[in-house]
Amino acid sequence: MMHDGELTSGGLAAMGGAAGLMQRQWAPCRYHCPVHADVRAYIELIARGQYRSAVDVIRANLPFACVCGRICHHPCEANCRRNDVDEPVAIRELKRFVAELQGAAGSTVRKAPVQDKARVAVVGAGPAGLAAALDLARMGYRPVAFEKFPVAGGIPATAVPKYRLPRDVLRHDVEWILSHGIELRTGVEIGADQTIDGLLAEGFAAVIVATGLPKSRALNVPGMDHRRVLGAMEFLTAAAMDRPMDVGRDVLVIGGGNVAMDAARTALRLGGGRVRAMCLENEQEMPAWAWERREAEEEGVGFIRRRGPAEVLLRGGEIVGVKARKVTRVFDEAGRFAPLYDDADVIEPDCDTVVLAIGQQADMGFARGSGLAADDRGRLVYDPATHETSVPGVFACGEIVTAPGSVVEACAHGQRAAAAVDMYLRGVPVRIDDELPPAIGTISQEVGGKVTKVARAVIAARPAAERAGCFAEIDLTMSEAEALRESRRCMSCGGGAEVIVDKCAACLTCLRVCPFGIPVVTDVARISSDLCQACGMCIADCPAHAIVARSWSAEDLKAATDAALGRLPAGEGARRVVAFVCGHHAPANAWRGSLDDAVGGVAELYLPSMARLSTEQVLHAFEAGADGVVVVACRLGADRYPHATERVRKRVTAVNEMLAEAGLGPDRVQLTETASQGRAAMREAIAAAADRIAAL
Amino acid sequence: MIVAERKPLDEILNMLAPCKRVLALGCGGCVSVCLTGGEKQAAELAVQLRLAARRKKLDLAVEVDCITRQCDREFLTNLKQDPRTFDAVLSLACGCGVGFLSEQYPDVPVLPAMNTTFYGSNTAPGVWEEYCRGCGDCVLAWTAGICPVAKCSKSLLNGICGGTKDGKCEVNPDMECGWSRIYDRLAELGRLDEMRKLRPPRDYRKDRGGGVRRLVLASMTADDQTQEAKE
């Protein structure tokens with residue numbers, strides 16, 4: 001169920017506060033992210049309109065924030081616990097929204113104070129290589145990235161179609177990465193212009209090979225070497241570099257994966273003619289993402305399934321078609337790729353160009369002029385635990401040594417290699433700790449059923465007819481309003497309540513106020529982090545201060561209250577009112593405190609939900625100098641969490657009684673339930689409440 | 001458990017009149033469970049006192065602390081500050097805590113922030129009712145679990161009085177007549193014969209009649225204390 005180890009007051013003091021609790025268990029988004037970005041944290045920052053802080057959290061782990069915002073395969077979303085409620089949070093789209101909004105200029109660069117450690121050569125400025133270079137630069141090394149293409153970025157620069165990844169988006173990431181103190185040398189091919197042996201002799205203390213899989217696998221059938229039989233990678237690269245290609249008007253793409261889809265859809269856009277994709281698999285077996293297939297189909301790509309190419313047919317020196325055999329089986333009983341054909345069932349689809357998208361392979365040219373060993377399958381010899389190759393000081397990372405993967409996986413691998421190089425250069429054994437904290441478990445159906453359902457944002461896309469004619473982006477970015485709404489669907493997994501067991505009096509209050517029925521009270525209250533929604537209701541009402549939040553501190557709101565009152569004009573007769581506002585429906589500028597229509601003398605403080613607002617926090621406002629408080633809750637049922645408005649009504653009554661006893665009354669705390677009714681209604685209600693307070 | 005309610009703030013301010021620096025001390029026992037005297041309530045009381053002091057231009061500083069219970073010596077080591085550095089300790093514990101702390105800190109006034117009212121049970125969220133009077137000689141085995149001492153205004157032991165009207169008590173018409181309830185319940189259980197049994201007179205020495213009561217568990221006392229207890 002939960003992590004091991006109960007929390008005591010002593011334990012909490014020893015860890016210096018509750019924030020360290022976030023490390024004991026990770027939300028599944030973070031756990032499954034290959035670079036373990038703190039997804040929950042940046043989604044919350046987006047929800048509060050703090051876009052720079054959000055992108056800085058992303059970039060702490062993920063250098064390619066903009067690229068991944070476009071093309072990541074999002075294991076975070078696949079594992080988002082919101083899947084068990086309605087639909088996963090649109091994490092990739094939110095990342096895209098904030099990363100592109102901020103660009104390189106809006107992302108903080110934290111260079112190492114001094115970069116005076118060894119020089120390290122990185123061969124290949126793709127995701128793995130640049131991720132490694134960035135970490136090395138941050139550690140004070142002097143990385144130099146060598147890139148044979150005229151542009152850095154690797155596959156995102158050379159082979160991902162522009163309709164998926166506009167190149168200005170990629171440039172944000174590359175620029176941001178390089179500004180950490182990485183030298184980039186494009187147009188330099190290691191193995192030709194320079195050699196690894198040469199780099200080591202020149203004074204590079206280590207070399208990281210990150211050359212990836214830039215080439216296409218070839219097909220050994222007759223007619224294969226015709227000039228109009230193109231490898232998909234070469235085809236896509238030429239398209240990306242706007243280089244002219246010898247492409248006809250009837251293209252047949254061989255392959256069923258994402259690269260095949262990319263190639264087919266790119267061929268369509270290069271103008272004129274028919275494009276079809278032929279693959280061994282049937283529709284269910286095709287490895288391409290479902291949405292890629294669907295979009296390709298919508299754009300007019302035809303599909304020929306369950307066929308394997310046997311021969312490229314030539315007539316008069318030109319391609320006229322491909323002889324294709326029926327595939328009777330793609331995978332064997334053990335699920336391995338082992339196609340079987342029926343040679344009697346043959347068709348000959350017409351085409352004048354063939355694009356082979358049957359797999360990627362390495363370009364081993366980098367190994368020329370080095371002592372690097374390859375295995376009997378021609379793959380670089382390397383130790384997965386340490387990234388070391390057969391040559392001391394030469395390391396490898398990314399697709400050159402792993403299975404084909406995604407950008408984020410390449411980044412993770414590059415970061416690991418950087419750690420290995422650092423250990424090597426410090427003269428310590430290379431031992432990388434890959435252990436992770438446990439992930440938060442599945443949410444129960446019972447609790448999931450009580451979470452307020454909110455439909456996932458629908459990303460607008462260009463219509464198919466418009467798409468097929470150009471390389472402009474297909475999916476449009478979310479609007480700010482959509483991003484705020486979507487980020488507020490996050491359930492803050494792992495960020496919620498933690499009981500301090502030695503303070504708990506088992507009074508049952510948490511059990512009674514929890515809208516989701518989560519606490520179980522045996523000897524003390526036990527609140528499962530697999531279920532807790534981090535609403536804050538129990539934390540606000542616990543009589544013993546025995547519950548803390550992992551992802552926020554009650555002191556933060558007190559400090560914010562003090563600061564907000566400090567900013568109000570002082571002086572005789574100056575109005576000093578604090579408004580605690582439910583920000584679940586509020587725009588970013590309200591959260592950031594930059595409203596241009598603030599009511600005079602009223603400081604507005606935004607919270608994710610009224611569930612969190614305790615009687616003590618309201619009392620504190622008075623102690624800090626407020627004459628009155630306006631509590632701006634949502635209409636019943638409109639708060640982020642159920643029953644928050646009902647609970648806050650009771651708290652307001654209780655505080656007014658306490659204040660009246662102390663001689664401040666009556667009704668110094670005014671309640672309005674307009675937070676979900678738009679700025680105009682809310683502002684009017686705040687102004688009216690402030691007037692009533694002034695009249696007291 | 002023991003139920004206590006916060007005294008009116010004015011009464012507390014009066015008590016604190018001679019003080020400049022006071023410790024509001026919450027208790028993690030019964031008063032936390034009935035949500036009137038825990039750490040949170042101590043903090044809220046402190047704010048109320050500071051606000052009132054500000055209004056009345058009193059020089060009063062209030063600090064806050066809370067310990068697991070105020071009726072055991074061992075918990076006192078967890079106090080964050082020495083109570084003797086204050087002009088008074090304002091205890092939010094029940095009377096047991098106030099009295100016990102007064103003995104532990106004879107040099108500091110230990111003042112009650114609460115009125116301790118009754119032994120109660122939680123009949124509904126936010127509602128506690130009196131169930132027991134600590135009479136020392138429990139008869140609930142023969143009254144179907146309904147206490148004639150607590151649930152009867154007169155604490156009668158031999159059955160209903162003549163003042164019952166429609167099952168309600170003549171002393172407090174909102175209150176159910178305890179003996180009426182006992183009779184009905186015993187009847188329901190087919191055990192009215194309990195009411196016909198002759199039992200020896202109650203030993204009021206087990207109640208207040210014997211003076212201040214104490215419990216001594218010999219298995220837990222130190223040897224010299226066991227000797228003391230025997231004497």
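Chain letters run A, B, ... following the sequence lines, proteins first, then strands; residues in each count from 1.
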For Ala43(B) and His545(A), work out which heavy atoms get closest and say how close. CB-CE1, 4.4 Å

If we define contacts as heavy-atom pairs under 4.5 Å, which of Val655(A), Leu664(A), Thr615(A) has the most with chain B? Thr615(A)

Between Cys542(A) and Glu39(B), is any pair of side-chain heavy atoms under 4.5 Å apart? no

Of all heavy-atom pairs linking Ala540(A) and Lys40(B), the shortest is O-NZ, 3.0 Å

Without swapping roles, check the side chain of Arg55(B) against the backbone of Gly663(A) for a donor-acceptor pair under 3.5 Å. yes

Verify the neighbour count for atom CZ of Phe118(B): are there more than 12 heavy atoms of other residues, nucleotides or ligands below 6.0 Å? yes

Quick one: which of Ala505(A), Ser614(A), Ala546(A), Ala506(A) has the most heavy-atom pairs under 4.5 Å with chain B, could you say? Ala505(A)

Exceeds 12 heavy-atom contacts within 6.0 angstrom, atom CD of Glu446(A): no

Measuring only between side-chain heavy atoms, which start at C-beta, is Glu661(A) closer than 4.5 Å to Arg6(B)? yes

Side chain, backbone, both or neither: which part of Thr509(A) has an atom under 4.5 Å from a heavy atom of chain B? side chain

Selection from Gly38(B), Ser32(B), Cys66(B), Gly37(B) maximising heavy-atom pairs under 4.5 Å formed with chain A: Ser32(B)

Would you say the side-chain atoms of Glu623(A) pair up with the backbone N or O of Val47(B), donor to acceptor, closer than 3.5 Å? no

Separation of Leu45(B) CG from Met658(A) CE (nearest 0.5 Å): 10.0 Å

Heavy-atom count check: over 12 atoms from other residues, nucleotides or ligands less than 6.0 Å from Arg50(B) CZ? yes

Are more than 12 heavy atoms, taken from residues, nucleotides or ligands other than Arg208(B), located less than 6.0 Å from that residue's CZ atom? no

Kindly say whether Gly28(B) contributes a backbone atom to a donor-acceptor pair with the side chain of Lys503(A) at under 3.5 angstrom? no

Based on non-hydrogen pairs under 4.5 Å, which of Lys56(B), Met1(B), Gln41(B), Arg54(B) is most in contact with chain A? Arg54(B)

Could you go through Thr68(B) and Asp502(A), starting from their C-alpha distance and side-chain angles, then the distance that decides it, and tell me whether this counts as side chain to side chain contact (heavy atoms under 4.5 Å, CB included)? CA-CA 8 Å; Thr68(B) 307; Asp502(A) 57 308; over 6 Å; no

Check this for me: Tyr183(B), atom OH, are more than 12 non-hydrogen atoms of other residues, nucleotides or ligands nearer than 6.0 Å? no

Identify the two heavy atoms, one from Leu51(B) and one from Ala662(A), that lie closest to each other, and give their separation to 0.1 Å. CB-CB, 4.4 Å

